[in-house]
Peer 1: 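Here it is, the structure, as structure tokens.
In what follows, every chain begins at residue 1, and chains take the letters A, B, ... in the order their sequences are listed.
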Amino acid sequence: MPERFQSLRGFHDQLPGRTEHWRRFETLAHALFSLYGFREIRPPHLEPTELFVRSVGELTDIVGKEMFTLKAGDESISLRPEITASVCRAYIQHGLDRRGANRLYYIGPAFRRERPQKGRLRQFHQAGVEVLGESDPEADVEVIVLGARLVERLGIEGFELRVNSLGDAACRPRYREALVAALRDRADRLCEDCRSRIERNPLRVLDCKRDSCQQLLEEVPTGLEFLCQDCERHFERVREGLEQLEVKATVDARLVRGLDYYVRTAFEIATAGLGAQNAVLGGGRYDGLIRDLGGGDVSGLGWACGIERLLLAAALTEHDNPPKLDAFVVTLGPRARERALGLVEGLRARNVATMWDTAGHGLGGQMKRAGRSGAAYAVLIGDDELARGTVTLKDLTTGEQREAPLGLDALAAELTRARGADARASDPRERPLERAGRRATGNRQTPATPPTSGKPRGSARRENDDGQ
RNA sequence: GUGGGCGUAGCUCAGCGGUAGAGUCCCUGACUGUGGAUCAGGUUGUCGUGGGUUCAAAUCCCAUCGCCCACCCCA
């Protein structure tokens, strides 16, 4: 027996039944980002390794040990571990500042070589936005609000938005010094990890998860106390803006972002119920990054969300979502079967979503497949119909039957008219993402029929699902 | 990278030294004039993989791969 292959660790397939959820997320994201004046950018997945070393920071774990790096000839290239760096590179390379494209968004995969957990994969997917060249706090407010709106519209309840200011080149070094001094004084009471962080990345001590360290941090100065006047004022206006729009945010002086490039505004949205992987969206301001990457003195601002995590937090229903067919052609006898090939293709040419049983089952088998396909109508043709120039239309929801003309245009019109009646109700784009009445990790009882759908689809098969 | 839990049918799981099981799904038939229902029958399988112990291993041991959880870090 030949070797059977498995997907790589941390690289998952998205199967039918899940892909519909992804597409609903993507549809929502595209629509929402457009609403805020953002335009899509799709950078490549591979970049020069050096791009990430310079942007994310050489000493970060992401660059230090989590990148998929390969040699290509004598250059080193890496799968992107995050997407902001690529967007900035493209912005500089193509002079997007002169094209008026300074609000950009992306949706796509990124790669990190970490030990996988639920909501943390080696290939994961992010959607994110970047605003380039705007340094006023109003831009921060818009970006943060957009993040909150996305999470809201996904129907995620009980999320928490936390904001902080990390200072800038003027004030952060002063704080860093003070912090290091304070931590050194207390090093003997910090955990082992934190002791090593004092020199390597002292800010990260602030969000150590150990209670003992957190208690100790009460005695340590916060960054907010050290903000220079400009940073102070900026942060104040960000908070005021959020307040004006009634977006609830808590100031968390311990919120630190892991990437080196953040300055001033940093924020994060966390949800309950995802365990340790509860951060679903995070970002901040990165003035200076564009310059570090060889561009002009252009400020930057943005966030990224983890699509897997958001979908987990949204606890989507696993309701049936088979392709919505208008018609399933059922044939009786060889003459009808011969005729069906053209009939089916003719209907499709008229935009009627049509299937038939290419496998050649008997009448019962074909009807069974028609029912399972989710088609609105079965279109039956046999010798009787052919002789009369008609088809028998069976409404697969109600079971009612009637005669209809065999002519393609007339039949297509008939089937399309029937579709118009319920298409609006069942079109996923017209429907908000639904919350399930259960936890994502919970039982697998049959989900309740979504209340917005007044039309149960009979025997439509439930998709098997991996439970994520 | 460190520590722990778990891998049996497509799916959810039982079996835990003595012939591989249930539910569900799938397939065939009753059914060349009707799907969802019912009935009859069928495949459900390298028991994750490779070694070892044993007369005998799904079961015990070791290794390995994968999933999950925590740490680390982050979306």
Peer 1: Which residues pass the ring pair (Phe, Tyr, Trp, His ring centres under 6.0 Å) test with H30(A), not counting sequence neighbours?
Peer 2: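 Only Y105(A) meet the ring pair (Phe, Tyr, Trp, His ring centres under 6.0 Å) criterion with H30(A).
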Peer 1: Using the test salt bridge (charged side-chain N to carboxylate O under 4.0 Å, His left out), find all partners of E268(A) that sit at least two apart in sequence or belong to another chain.
Peer 2: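 So E268(A) forms a salt bridge (charged side-chain N to carboxylate O under 4.0 Å, His left out) with R162(A), R257(A).
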Peer 1: Tell me, do L312(A) and K118(A) make a side-chain contact under 4.5 Å, heavy atoms counted?
Peer 2: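 Yes, their side chains come closer than 4.5 Å.
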Peer 1: Along nucleotides 2-7 of chain B, 5' to 3', which nucleotides get a B, which get an S, and which get a -, given that the test is a protein heavy-atom distance under 4.0 Å?
Peer 2: BBB---
Peer 1: Quick check on C31(B): is either OP1 or OP2 less than 4.0 Å from any side-chain nitrogen or oxygen of H361(A)?
Peer 2: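 For C31(B), OP1/OP2 do not have a side-chain N/O of H361(A) under 4.0 Å.
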Peer 1: Does C73(B) have OP1 or OP2 under 4.0 Å away from a side-chain N or O of R122(A)?
Peer 2: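 It does not, given that no N or O in the side chain of R122(A) lies less than 4.0 Å from OP1 or OP2 of C73(B).
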Peer 1: Of all the nucleotides listed (U32(B), U28(B), C68(B)), which has the minimum atom distance to the side chain of P334(A)?
Peer 2: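 Of the candidates, U32(B) comes closest.
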Peer 1: Got a sec, which residues hit ring pair (Phe, Tyr, Trp, His ring centres under 6.0 Å) with Y36(A), two or more places apart in sequence or on another chain?
Peer 2: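 Ring pair (Phe, Tyr, Trp, His ring centres under 6.0 Å) check on Y36(A) returns nothing, list empty.
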Peer 1: Is a donor-acceptor contact shorter than 3.5 angstrom present between the side chain of K394(A) and the base of G35(B)?
Peer 2: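 Answer yes: a donor N or O sits under 3.5 Å from an acceptor.
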Peer 1: Roughly how far apart, to the nearest Å, are C67(B) and G41(B) at atom C1'?
Peer 2: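 It works out to 37 Å between them.
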Peer 1: Less than 4.5 Å apart, any side-chain heavy atom of R369(A) and any of H361(A)?
Peer 2: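 A side-chain contact exists here, since the closest heavy-atom pair is under 4.5 Å.
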Peer 1: Could you tell me whether a side-chain N or O of R186(A) sits under 3.5 Å from a main-chain N or O of A182(A), the two making a donor and an acceptor?
Peer 2: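 A pair under 3.5 Å: yes.
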Peer 1: Looking at E114(A) and A75(B), is any side-chain donor or acceptor paired with a base atom of the opposite kind under 3.5 Å?
Peer 2: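 It does, because a donor-acceptor pair links the side chain of E114(A) to the base of A75(B) below 3.5 Å.
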Peer 1: Base, sugar-phosphate, or nothing for G365(A), non-hydrogen atoms under 4.0 angstrom?
Peer 2: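 Nothing, no heavy atom under 4.0 Å.
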Peer 1: Looking at every heavy atom in both P109(A) and H45(A), which two are closest together, and how far apart are they?
Peer 2: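 For P109(A) versus H45(A), the nearest heavy atoms are CG-CE1, 3.4 Å.
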Peer 1: Sequence neighbours excluded, which residues qualify as ring pair (Phe, Tyr, Trp, His ring centres under 6.0 Å) partners of F328(A)?
Peer 2: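 Here no residue qualifies.
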Peer 1: Just call it for G147(A): base, sugar-phosphate, or nothing, with non-hydrogen atoms closer than 4.0 Å on any strand.
Peer 2: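 Result for G147(A) = nothing.
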Peer 1: Using atom P of each nucleotide, how far apart are G48(B) and C11(B) to the nearest Å?
Peer 2: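 Straight-line distance between the two P atoms is 13 Å.
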Peer 1: Is it the case that G33(B) (base atoms only) and E385(A) (side chain only) share a donor and an acceptor within less than 3.5 Å, ignoring hydrogens and angles?
Peer 2: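 Yes, the side chain and the base share a sub-3.5 Å donor-acceptor pair.
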Peer 1: For nucleotides A20(B) and A58(B), find the distance between their P atoms and express it as a whole number of Å.
Peer 2: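 Looking at atom P only, A20(B) and A58(B) are 8 Å apart.
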Peer 1: Choose from C73(B), U32(B), U34(B) the nucleotide whose nearest atom is closest to any side-chain atom of L332(A).
Peer 2: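 Selected nucleotide: U32(B).
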Peer 1: Applying a 3.5 Å limit to both distances, which nucleotide forms a Watson-Crick or G-U wobble pair with A63(B)?
Peer 2: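 For A63(B), the partner nucleotide comes out as U49(B), under the 3.5 Å rule.
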Peer 1: I want to verify a distance call: between C68(B), G35(B), A75(B), whose nearest atom is closest to the P116(A) side chain?
Peer 2: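 Taking heavy atoms from C-beta onward, the closest nucleotide is C68(B).
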Peer 1: Got Y377(A) and E414(A) here, is their nearest side-chain heavy-atom distance under 4.5 Å?
Peer 2: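 No, every pair of side-chain atoms sits at 4.5 Å or beyond.
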Peer 1: Return the nucleotide paired to A75(B): Watson-Crick means purine N1 to pyrimidine N3 with N6-O4 or O6-N4, wobble means G-U with N1-O2 and O6-N3, both under 3.5 Å.
Peer 2: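 Across all strands, not a single nucleotide pairs with A75(B).
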Peer 1: In the structure shown, which nucleotide is the Watson-Crick or G-U wobble counterpart of A14(B), with both distances under 3.5 Å?
Peer 2: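 Answer to the pairing question: none, since A14(B) forms no Watson-Crick or G-U pair.
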Peer 1: What's the closest nucleotide to the side chain of K118(A) if the choices are A75(B), C67(B), C69(B)?
Peer 2: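 Nucleotide nearest to K118(A)'s side chain: C69(B).
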Peer 1: Please state the P separation for the pair C13(B) and G51(B) - nearest whole angstrom.
Peer 2: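 Each nucleotide's P atom is 29 Å from the other's.
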Peer 1: Would you mind telling me which residue lines up with the more 5' stretch of RNA chain B, R113(A) or T392(A), judged by nearest nucleotide?
Peer 2: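 Looking at the nearest nucleotide for each, R113(A) comes out on the 5' side.
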Peer 1: Take atom C1' in A14(B) and the same atom in U8(B), then report the distance between them in whole Å.
Peer 2: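 It works out to 9 Å between them.
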Peer 1: What's the closest nucleotide to the side chain of K65(A) if the choices are C72(B), U28(B), A75(B)?
Peer 2: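 The nucleotide sitting nearest to the side chain is C72(B).
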Peer 1: Taking atom P in both G45(B) and A56(B), compute the distance separating them and give it to the nearest angstrom.
Peer 2: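 G45(B) and A56(B) have their P atoms separated by 28 Å.
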Peer 1: Where do N or O atoms of nucleotides 40-43 of chain B meet protein N or O atoms at under 3.5 Å, pair by pair?
Peer 2:
none

Peer 1: Using a 3.5 Å cut-off and no angle test, enumerate the donor-acceptor pairs between side-chain atoms of residues 46-56 of chain A and protein atoms at least two apart in sequence or in another chain.
Peer 2:
| residue | atom | partner | partner atom | Å |
| --- | --- | --- | --- | --- |
| E47(A) | OE1 | R89(A) | NH1 | 2.9 |
| E47(A) | OE2 | S86(A) | OG | 3.0 |
| E47(A) | OE2 | R89(A) | NH1 | 2.4 |
| T49(A) | OG1 | S76(A) | O | 3.1 |
| T49(A) | OG1 | S76(A) | OG | 2.7 |
| T49(A) | OG1 | I77(A) | N | 3.3 |
| T49(A) | OG1 | S78(A) | OG | 2.8 |
| R54(A) | NE | D292(A) | O | 3.3 |
| R54(A) | NH2 | D292(A) | O | 3.2 |
| S55(A) | OG | L51(A) | O | 2.9 |

Peer 1: Kindly say whether, by distance alone, the side chain of Q401(A) makes a donor-acceptor pair under 3.5 Å with the base of U34(B)?
Peer 2: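 Flag set: donor-acceptor pair detected.
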Peer 1: For U49(B) versus C6(B), give the span between their C1' atoms, rounded off to a whole number of Å.
Peer 2: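 About 16 Å, rounded to a whole number of Å.
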Peer 1: Please measure how far the C1' atom in U43(B) lies from the corresponding atom in A9(B), and state the result in whole Å.
Peer 2: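 Rounded to whole Å, the distance is 10 Å.
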Peer 1: Given that A279(A) and A370(A) both sit by RNA chain B, which one's nearest nucleotide is further toward the 5' end?
Peer 2: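 First, find each residue's nearest nucleotide; the 5'-ward one identifies A370(A).
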Peer 1: Counting only distance, no hydrogens or angles, is the base of A75(B) paired donor-acceptor with the side chain of R120(A) under 3.5 Å?
Peer 2: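 No.
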Peer 1: Could you work out, with side chain to side chain contact (heavy atoms under 4.5 Å, CB included) as the rule, every residue matching E66(A), not counting sequence neighbours?
Peer 2: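 Expected list: D61(A), I62(A), R112(A), E114(A).
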Peer 1: By nearest atom, which of the nucleotides U28(B), G66(B), A70(B) is closest to the R369(A) side chain?
Peer 2: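 Output: U28(B).
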Peer 1: Can you tell me the Watson-Crick or wobble partner of U2(B), both distances under 3.5 angstrom?
Peer 2: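 Check on U2(B): paired to A70(B), both distances under 3.5 Å.
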Peer 1: Output all residues satisfying ring pair (Phe, Tyr, Trp, His ring centres under 6.0 Å) with Y91(A), sequence neighbours left out; order by chain, then residue number.
Peer 2: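 Ring pair (Phe, Tyr, Trp, His ring centres under 6.0 Å) check on Y91(A) returns nothing, list empty.
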Peer 1: Identify which nucleotide among C72(B), C74(B), G36(B) has an atom closest to any side-chain atom of K368(A), counting heavy atoms from C-beta outward.
Peer 2: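 In terms of side-chain proximity for K368(A), the closest of C72(B), C74(B), G36(B) is G36(B).
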Peer 1: Quick one: is R9(A) getting a side-chain N or O under 4.0 Å of the C67(B) phosphate, OP1 or OP2?
Peer 2: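 Checking C67(B) against R9(A), a side-chain N or O does come within under 4.0 Å of OP1 or OP2.
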Peer 1: State the pairing partner of G29(B); accept Watson-Crick or G-U wobble contacts with both distances under 3.5 Å, and report none otherwise.
Peer 2: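 Base-paired to C39(B).
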Peer 1: For the side chain of L363(A), counting heavy atoms from C-beta on, which of U34(B), C74(B), C72(B) is nearest?
Peer 2: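 From the listed options, U34(B) comes nearest.
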